Amino acid sequence: MKLNKKQKEAVEKHDGPVLIIAGAGTGKTRTITCRIASIINSGIEPEKILAITFTNKAATEMKERVRTILGKEKGYYTATKEPPFISTFHSLGVHILRHHYKEAGLRKSFSIADRDRSRQIVKESIRRSGADIKVNEPGKVLSFISRRKNDLILPETDTEENDGTSFCIKTDIWKEYERILAEESLVDFDDLLIKPLKLMESNSKIRGFYQSRWSHIHIDEYQDTNEVQVRLSDILAGKHRNICATGDLDQCIYSWRGAKVEAILDFEKKYPDTKTILLEENYRSTKTILDAANRVIALNKNRKEKDLYTSNTEGDKLDYSVASSETGEAIMVAGKVRDLLNDGRPASSIAVLYRTNFQSRALEEAFLNQGISYSVVGTKFLQRQEVKEVLSYIEAAMNSDSASSMKRIINVPPRGIGRVTLLKILDGKEGELPARTAQRVSLFRKLLAKIKNESKKLPPSELLKLVLNDSGLAEWYEKRGEEERSENMKELVTLASRYDVEGPVRGLESFIEHVALFNDQDAIPPQEQECVRLMTVHAAKGLEFKYVFITGLEEGLFPHEPVNEESRDEEEERRLFYVALTRAREKAFLSSAYMRTIFGITSAQAPSRFISDIGEENFSSDSAVFEEDHETGLLSGPPLPPIY
């Protein structure tokens with residue numbers, strides 16, 4: 001397989017610590033797989049090699065590539081020889097725990113609790129500990145437990161003092177959570193990493209076994225590792241010190257998962273004899289796209305200096321357009337996608353990216369109106385759980401025979417109405433309910449009656465605000481710390497505000513009709529079929545497309561304005577934009593809106609700072625500001641000079 005000079009250097013450096021800084025599109029996976037094959041060809045047995053990456057898809061691809069390379073050589077894959085151990089960190093953890101369950105204090109038949117199961121266990125732990133579930137929301141408590149466990153803190157040794165009584169209560173719930181896991185012989189996702197690490201640190205025999213088993217260790221996407229993963233990697237490499245870390249600090253976008261930029265920044269300090277190799281030749285994008293990406297990311301201070309270059313063509317200049325609103329932006333994007341399709345470009349070569357999920361709503365609607373086949377990577381806006389809950393409140397209020405809506409929201413947020421009670425209500429046996437339960441049901445019915453009554457007086461957007469507030473949904477999701485769900489519910493209010501001009505009754509009817517038709521559209525074909533992809537920038541990492549649209553480039557949206565000022569990280573937002581831009585092979589289309597409506601409130605938007613970072617010379621001369629014709633729904637008017 002043909003390699004450039006730097007790739008070849010990385011492939012042939014087998015021994016000692018190696019740090020490969022691999023820029024976007026520089027052939028990182030090819031380099032790792034060729035390196036593994038080269039080590040085997042040098043005489044090292046395949047089973048002595050460990051390679052860890054972050055997704056099952058990436059691990060499968062790496063296995064197949066290694067097999068393809070070695071398949072040309074005879075004798076490597078036989079009944080008596082094991083292949084290299086290539087997996088995710090969590091799969092490695094399962095492997096270790098299955099072989100050493102006794103030492104880990106587990107039963108042989110232990111099971112793995114997924115996120116939903118863990119949440120249910122937290123709910124049971126809250127009940128057992130006597131805590132208030134309204135104050136201690138299970139999702140938020142589970143996040144608290146996960147953070148503590150990944151900091152390698154035990155509930156009995158947790159000494160944080162700045163969280164008052166609520167902190168003590170959370171610790172008590174945590175203790176019950178661990179007891180239930182032990183009772184049911186369960187491990188959660190965090191345990192799959194923490195328990196193997198503790199085994200390695202406390203048991204010299206087990207530590208020695210795995211240090212001897214794998215002489216050459218590869219850690220892919222090193223910038224995404226958390227503290228536990230870094231320590232586990234260091235222990236496994238403790239004997240031979242043949243550790244190869246591959247990553248790109250400029251693509252570190254998962255701090256909310258515990259990833260720390262220090263992982264790569266401190267690697268050479270931890271291993272002073274590290275051989276650092278920069279992969280800077282990009283095989284994916286045009287010179288123009290790379291120049292724009294380099295200009296933006298160069299403004300970050302916490303990074304390893306590098307400068308992507310390519311032998312590819314200069315390519316088209318970036319296209320930047322500003323619409324008058326988010327609706328106009330969506331129509332504009334759909335129109336440009338339609339132009340690409342009419343020119344014979346495959347739909348699968350096009351991706352539309354956005355910073356947060358709620359932005360997909362306007363885009364989906366524009367694509368439907370123009371008959372463009374698309375697929376949302378994730379869940380369609382109107383099929384998201386929190387959106388359905390809000391709509392179900394309205395449907396249950398307006399249609400008392402809607403049992404499905406009643407089932408969905410009668411205990412959301414939790415109001416102490418269980419399944420047995422619901423069955424009695426649906427069976428017409430509400431009179432048999434205990435007095436306390438009957439009172440809860442009565443309050444719920446009064447809420448539905450209020451919604452129905454107010455629907456005759458309030459415009460649709462105001463009615464939805466009433467539902468969010470009076471039902472407790474807004475407060476519930478806010479307390480759970482689920483900012484994205486809160487934003488999606490606000491976006492639903494924005495959608496409803498378009499029907500306010502029709503008045504309370506007719507406006508609500510039009511809104512409900514619109515929603516029903518939207519859900520009935522069979523517009524999203526299976527992933528393997530030919531269609532345009534809509535996704536968040538986070539979901540796009542690791543993918544590439546010929547044509548990439550990056551939408552919503554406005555201050556406060558991208559870069560995103562966090563609810564909590566302490567969580568602000570401008571450098572991570574810039575890395576996120578860098579990732580978005582480097583997904584494009586041939587051309588990138590950037591867009592923003594003058595005005596955007598969020599939670600029914602329309603406000604002026606300033607262009608994202610990333611636009612000026614790129615530099616005027618990287619934009620095409622026909623980049624322009626567009627005005628939306630609200631009567632036709634089309635964009636019209638002469639192009640104006642671009643905004644920088």
Side-chain angles (χ1 to χ4, degrees), residues 55 57 253 323 326-338 340-341 345-392 477 482-496 498 514-553 557-558 560 576 579-580 583-584 588-591 593 596-598:
T55 66
K57 179 182 177 182
I253 59 174
E326 70 273 12
T327 302
E329 181 191 31
I331 295 172
M332 177 178 64
V333 168
K336 294 189 177 193
V337 168
R338 170 57 63 195
L340 289 172
L341 297 175
R345 272 68 167 185
S348 59
S349 68
I350 305 169
V352 180
L353 310 183
Y354 34 85
R355 177 60 179 83
T356 57
N357 270 313
F358 79 82
Q359 293 172 255
S360 75
R361 194 273 305 166
L363 290 164
E364 288 182 61
E365 187 170 294
F367 274 56
L368 282 172
N369 288 337
Q370 296 210 26
I372 299 172
S373 293
Y374 70 93
S375 173
V376 177
V377 178
T379 308
K380 286 196 297 184
F381 179 78
L382 290 174
Q383 289 185 343
R384 292 183 178 115
Q385 172 188 323
E386 62 277 11
V387 172
K388 283 189 172 183
E389 286 164 356
V390 178
L391 296 174
S392 291
Y477 278 118
E482 299 191 44
E483 183 179 346
E484 184 171 285
R485 292 189 186 278
S486 296
E487 289 179 336
N488 286 337
M489 290 189 294
K490 292 176 181 178
E491 178 65 4
L492 189 64
V493 174
T494 297
L495 174 61
R498 292 169 50 180
H514 171 88
V515 170
L517 290 175
F518 191 98
N519 278 334
D520 288 340
Q521 293 285 342
D522 188 18
I524 301 185
Q527 188 73 12
E528 65 271 9
Q529 292 189 21
E530 189 67 27
C531 57
V532 178
R533 310 294 186 219
L534 275 60
M535 67 188 83
T536 64
V537 180
H538 282 99
K541 188 170 180 288
L543 304 177
E544 60 181 72
F545 303 87
K546 281 189 177 182
Y547 309 99
V548 170
F549 291 77
I550 307 174
T551 63
L553 283 167
L557 186 56
F558 198 2
H560 194 256
L576 195 58
V579 167
R583 297 312 92 195
F589 299 80
L590 280 54
S591 63
R596 189 172 293 269
T597 305
I598 299 176

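Start at 1 with the first residue, then count along the sequence. Just so we're clear, the structure is a prediction, and the values are computed from it rather than from any experiment.
Here CG of Leu590 is found 9.5 Å from OG1 of Thr551. Values are rounded to the nearest 0.5 Å. Rounding to the nearest 0.5 angstrom, the gap separating the CE atom in Met489 from the CD atom in Glu389 is 8.0 Å. Between the CD atom of Glu326 and the CD1 atom of Ile331 there is a distance of 10.5 Å, given to the nearest 0.5 Å. Atoms OH and CG, from Tyr547 and Leu341 in turn, are 10.5 Å apart once rounded to the nearest 0.5 Å. The OG atom of Ser348 sits 3.5 Å away from atom CD of Glu530, with the distance rounded to the nearest 0.5 Å. Rounding to the nearest 0.5 Å gives a distance of 6.5 Å between CG of Leu553 and OG of Ser591.
Under 4.0 Å is where a charged nitrogen must lie from a carboxylate oxygen, and between Glu491 and Arg361 at least one such pair does. Between Glu386 and Lys490 there is no salt bridge, since no side-chain nitrogen of the basic residue lies less than 4.0 Å from a carboxylate oxygen of the acidic one.
The salt bridge (Lys or Arg N to Asp or Glu O under 4.0 Å) test applied to Glu487 returns no partner, not counting sequence neighbours. Annotation: side chain to side chain contact (heavy atoms under 4.5 Å, CB included) contacts of Ala334 (sequence neighbours excluded): Ala366, Phe367, Gln370, Ile372. Annotation: side chain to side chain contact (heavy atoms under 4.5 Å, CB included) contacts of Ala584 (sequence neighbours excluded): Ile289, Val548, Ala588. Under the rule for a side chain to side chain donor-acceptor pair (under 3.5 Å), Arg338 has no partner lying at least two apart in sequence or in another chain. Judged as a side chain to side chain contact (heavy atoms under 4.5 Å, CB included), and not counting sequence neighbours, the contacts of Lys541 are Glu221, Gln223, Asp224, Gln251, Ile253, Tyr254, Val579. For Arg596, the salt bridge (Lys or Arg N to Asp or Glu O under 4.0 Å) test picks out Glu329, Glu554, with sequence neighbours left out.
With a 4.5 Å cut-off on side-chain heavy atoms, Leu368 and Tyr374 count as touching. Here the side chains of His538 and Arg355 are in contact, with some heavy-atom distance below 4.5 Å. Using a 4.5 Å heavy-atom threshold, the side chains of Thr536 and Tyr354 count as touching. Considering only heavy atoms from C-beta on, Leu353 comes within 4.5 Å of Met535 through its side chain. Proximity of Ile350 to Lys546: side-chain heavy atoms (C-beta onward) are nowhere separated by under 4.5 Å. A 4.5 Å side-chain heavy-atom check between Leu363 and Val352 finds at least one atom pair inside the cut-off. In this structure the side chain of Ile598 never reaches within 4.5 angstrom of the side chain of Leu557, judged on heavy atoms. Proximity of Phe549 to Val337: side-chain heavy atoms (C-beta onward) are separated by under 4.5 Å at one or more points.
Val537 approaches Ala580 most closely through the heavy-atom pair CG1-CB, 3.7 Å.
Each of Thr327, Leu495, Val493, Thr494 was checked for a side-chain contact (heavy atoms from CB on, under 4.5 Å) with Thr597, and the lone residue meeting it is Thr494.
Under a 3.5 Å cut-off, the side chain of Ser349 and the backbone N or O of Arg345 do not form any donor-acceptor pair.
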